[in-house]
Number of protein chains: 2
Amino acid sequence: MAKNKRDVDAKVKKAALEETAARLFMEQGFEATSMQQIARALDVAPNTLYWYYASKDELLVGVLNRLLSQTLQRLPAIGGLPLKAQMAWLLDELEQSREMVATVHGRLDQSPVIRAWHDQFHHFVESSVILTLKTAGVDASRCATLATVATFLVEGLLAHPHSADQRNDILEWFAASAGSQLTLPGSTA
Amino acid sequence: MAKNKRDVDAKVKKAALEETAARLFMEQGFEATSMQQIARALDVAPNTLYWYYASKDELLVGVLNRLLSQTLQRLPAIGGLPLKAQMAWLLDELEQSREMVATVHGRLDQSPVIRAWHDQFHHFVESSVILTLKTAGVDASRCATLATVATFLVEGLLAHPHSADQRNDILEWFAASAGSQLTLPGSTA
DNA sequence: ACCTGAACACCGTTCAAGT
DNA sequence: ACCTGAACACCGTTCAAGT
């Protein structure tokens with residue numbers, strides 16, 4: 001009981017830490033936000049954060065998992081949508097964490113823990129896209145390639161400023177090109 | 001005369017700085033290489049670097065321009081090649097500076113001078129690809145979209161580890177999809 | 001188990017001073 | 001014009017000590 005109580009408290013505390021860190025990371029960027037600053041916002045000593053997280057990068061992973069689980073709660077709604085709509089949805093979702101996505105990519109080579117999170121996330125997204133493509137009747141041998149292309153396009157659109165028209169042209173072109181590879185002609189992916 | 005002499009000396013010195021910085025950046029990464037370390041390798045005081053460059057990011061830009069001009073000297077050879085071969089060539093070229101490319105993308109939001117260099121580089125690459133597509137007879141209205149897609153694919157392949165087969169599948173699929181949009185059917189882009 | 005004060009070993013950068 | 005010694009204002013992180 002007492003043990004359980006403590007676990008709950010720790011989780012609540014971590015939630016507060018990650019919420020504050022998330023807010024500051026999104027407002028100012030990961031690099032521009034110091035551990036001191038986060039600690040000050042929480043009214044604790046800077047080194048207190050190190051009781052909960054081994055490093056600033058691990059705190060970032062906590063924040064990322066938090067954002068991810070929030071996104072996953074909104075996900076079920078898009079299950080049946082066509083690929084183009086799914087990509088547009090993912091783009092809108094990630095757009096709000098643009099800075100965070102850039103940070104993850106920028107730290108891949110320096111932080112193994114960020115690298116691990118990133119790879120796992122990519123694997124998850126790509127599996128989902130493959131499933132969507134298969135369900136839409138795309139030739140099984142092409143699914144993996146198309147899924148990778150889809151994620152590259154989402155990442156590209158996310159990383160580089162672009163107009164709504166450009167974005168639509170790219171998604172439209174991709175959906176058409178992917179759709180033309182259907183085993184059963186006539187339907188659209 | 002004396003003035004000219006000095007200009008030459010400054011250029012030679014900058015070349016040496018950038019060569020050393022480039023080596024250390026590629027060996028250890030940008031972030032893991034301190035200004036102190038570069039200065040030590042050159043046998044100068046750390047703050048000497050600030051007489052030549054306003055910041056570490058500006059030194060990076062110097063290094064990037066240096067690598068770029070080296071690449072440009074190797075470029076003429078690929079003028080007439082098909083798009084797929086051009087993309088493969090660019091990939092091989094950038095692969096050797098993978099870490100540097102990741103650094104640039106990671107610092108876009110923090111450094112205006114890096115952002116400016118990146119945008120200009122992208123504009124240059126995209127213009128070149130558009131020219132190649134137009135020459136190959138691709139419908140003019142699609143060229144911009146396809147060029148953007150091409151650069152996104154190159155960046156994606158560069159940022160994420162992949163096998164030679166995966167890479168070939170993606171480039172092959174893209175070339176085929178782009179080629180099917182030719183104004184004159186029969187030729188290949 | 002949780003938190004702190006104080007310190008460590010850096011970092012990029014600045015500035016006044018030299019030649 | 002070019003370079004230095006010394007310092008500034010940080011940074012992420014550690015550690016011994018408290019409760």
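Per chain, numbering begins at 1; letters A, B, ... match sequence-line order.
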Tell me which nucleotide among [options] gets nearest to the side chain of [X].
X     : options                : value
A:A45 : C:dC2, C:dT14, C:dT4   : C:dT4
A:S55 : C:dT13, D:dT13, D:dC11 : D:dT13
B:V44 : D:dT4, C:dG12, D:dG12  : D:dT4
B:A10 : D:dG12, D:dC2, C:dT13  : D:dC2

d(CD, B:Q36; C1', C:dG12) in whole Å: 9 Å

Value in whole Å for how far the P atom of C:dC3 lies from CE of A:M35: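 Nearest whole value for this atom pair: 14 Å.
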
Phosphate OP1/OP2 of C:dC3 contacted by A:Y52 side-chain N/O (<4.0 Å):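 Indeed, a polar side-chain atom of A:Y52 lies that close.
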
Phosphate-side-chain proximity, B:K13 and D:dA1, N/O vs OP1/OP2 below 4.0 Å: no

For residues 150-158 of chain B, run the donor-acceptor check on the side chains, cut-off 3.5 Å, and write out each pair with its distance to 0.1 Å, sequence neighbours left out.
from: B:T151; atom 1: OG1; to: B:T148; atom 2: O; distance (Å): 2.8
from: B:E155; atom 1: OE1; to: A:H160; atom 2: NE2; distance (Å): 3.4
from: B:E155; atom 1: OE2; to: A:H160; atom 2: NE2; distance (Å): 3.2
from: B:E155; atom 1: OE2; to: B:H105; atom 2: NE2; distance (Å): 3.1
from: B:E155; atom 1: OE2; to: B:H122; atom 2: NE2; distance (Å): 2.5

Secondary-structure string, 5' to 3', Watson-Crick or G-U under 3.5 Å, | for another-strand partners, for DNA chain D: ||.|||||...|||||.||

Polar-atom pairs under 3.5 Å, protein N or O versus N or O of nucleotides 15-19 of chain C: list them with distances, or write none.
from: C:dC15; atom 1: N4; to: B:N47; atom 2: ND2; distance (Å): 3.3

Sugar-phosphate only, base, or nothing, as touched by B:T48 at under 4.0 Å among non-hydrogen atoms: base

